[in-house]
Amino acid sequence: SSTALTSGTGPSTVGLATSGGYAIYAGDAAAGSAPFSVTPAGALSASSGTVGGWTLGSTSLTGGNTTISNTGDITVGTGSNIARLSSSDAAYRLWLGGTTASTAPFRVTSTGSFTATDANITGTVTATSGSFTGTVVTSNITATGGTVGGWTLGQYNLISGYRDWE
């Protein structure tokens, strides 16, 4: 037999129980349907509320300009001044500075490809292929092959269509 202490009716019901999987429940006469409950082991279930400045929604936890969604997204900031980490976006996992991943000035795809609109990169950059457009300024470059302005660069020589310079 179950022992319970209840008060109220329908959505105003509050209960304490010694069996049935719920020690405390509120918001429904049936403990299993109540929007708030605590099991004897201490597991809390609530469909809304606030805790320490965070608002608990049915699918998210929000505090200030930060939202953690049950779909696997974390958004910090507002408007175009955001940082977002996403497991639900089909293509992008991280983007900064824009509300839309595909147009954010910094974005990283799920395969690791990234776009940085205005990057200053220091340190060593290793690449196996690629290209530069626009002006490239450097004080030193090392190359063992390729073409530059119609000239072919060999390992030990520079060749034009007309003459081989060694």
Side-chain angles (χ1 to χ4, degrees), residues 10-14 21-153 155 158:
S12 298
T13 302
V14 175
Y22 301 96
I24 303 168
Y25 60 96
D28 197 294
S33 299
F36 176 84
S37 62
V38 180
T39 68
L44 172 74
S45 175
S47 59
S48 65
T50 59
V51 176
W54 291 82
T55 300
L56 174 63
S58 60
T59 61
S60 65
L61 186 60
T62 304
N65 291 332
T66 302
T67 301
I68 303 171
S69 170
N70 71 349
T71 59
D73 293 346
I74 299 172
T75 305
V76 178
T78 60
S80 63
N81 189 22
I82 70 162
R84 184 155 178 196
L85 182 63
S86 177
S87 67
S88 66
D89 189 271
Y92 296 94
R93 292 297 170 257
L94 172 68
W95 62 94
L96 308 172
T99 56
T100 305
S102 62
T103 59
F106 182 86
R107 54 194 182 268
V108 181
T109 68
S110 60
T111 60
S113 174
F114 79 93
T115 299
T117 302
D118 189 13
N120 291 310
I121 301 172
T122 61
T124 302
V125 176
T126 303
T128 56
S129 66
S131 63
F132 289 98
T133 58
T135 302
V136 177
V137 178
T138 182
S139 60
N140 185 7
I141 189 166
T142 302
T144 57
T147 60
V148 177
W151 293 76
T152 300
L153 176 64
Q155 186 171 359
L158 187 60

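Residues passing the salt bridge (Lys or Arg N to Asp or Glu O under 4.0 Å) test with R84 are D73, sequence neighbours excluded. T122 is linked by a side chain to side chain donor-acceptor pair (under 3.5 Å) to nothing, counting only residues two or more places apart in sequence or in another chain. Remark: F114 pairs with F106, V108, A116 by the side chain to side chain contact (heavy atoms under 4.5 Å, CB included) rule, at least two apart or across chains. Listed by chain and residue number, T100 satisfy the side chain to side chain contact (heavy atoms under 4.5 Å, CB included) test with T103 (two or more places apart in sequence, or in another chain). With sequence neighbours excluded, the residues satisfying side chain to side chain contact (heavy atoms under 4.5 Å, CB included) with A34 are Y25, D28. By the side chain to side chain contact (heavy atoms under 4.5 Å, CB included) test, V14 is found to be paired with A26, residues two or more places apart in sequence or in another chain being considered.
When every heavy atom of G21 is checked against every heavy atom of P40, the shortest pair comes out as O-CD, 3.5 Å. Of all heavy-atom pairs between G97 and P105, the closest is O-CD, 3.4 Å. The minimum heavy-atom distance between S110 and A90, with the atom names listed, is OG-O, 4.4 Å. The minimum heavy-atom distance between T99 and I82, with the atom names listed, is CA-CD1, 4.0 Å. Taking each heavy atom of L44 and V38 in turn, the nearest pair found is CD1-CG2, 3.7 Å. When all heavy atoms of F132 and V136 are compared, the closest pair comes out as CB-CG2, 3.6 Å.
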Can you list the steps and then say if T111 with T109 is a side chain to side chain donor-acceptor pair (under 3.5 Å)?
CA-CA 5 Å; T111 60; T109 68; 2.9 Å; yes

Check against side-chain contact (heavy atoms from CB on, under 4.5 Å), S102 and Y92
CA-CA 8 Å; S102 62; Y92 296 94; 4.0 Å; yes

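With N65 as the fixed residue, the side-chain contact (heavy atoms from CB on, under 4.5 Å) test singles out one of T78, T75, N81, V76: T78.
One finds the CD1 atom of I24 at 13.0 Å from the OG atom of S45 (value rounded to the nearest 0.5 Å). Note that the OG1 atom of T39 and the OH atom of Y22 stand 8.5 Å from one another [nearest 0.5 Å]. Atoms OG1 and CD1, on T59 and I68 in that order, are 12.5 Å from each other to the nearest 0.5 Å. A distance of 10.5 Å separates CD1 in I74 from CG in L61, rounded to the nearest 0.5 Å. Distance check: S60 OG to N70 CG gives 7.5 Å after rounding to the nearest 0.5 Å.
Listed for the S58 side chain is no donor-acceptor partner under 3.5 Å among the backbone atoms of S48. A donor-acceptor pair under 3.5 Å links the side-chain atoms of S86 to the main chain of D89, judged by distance alone.
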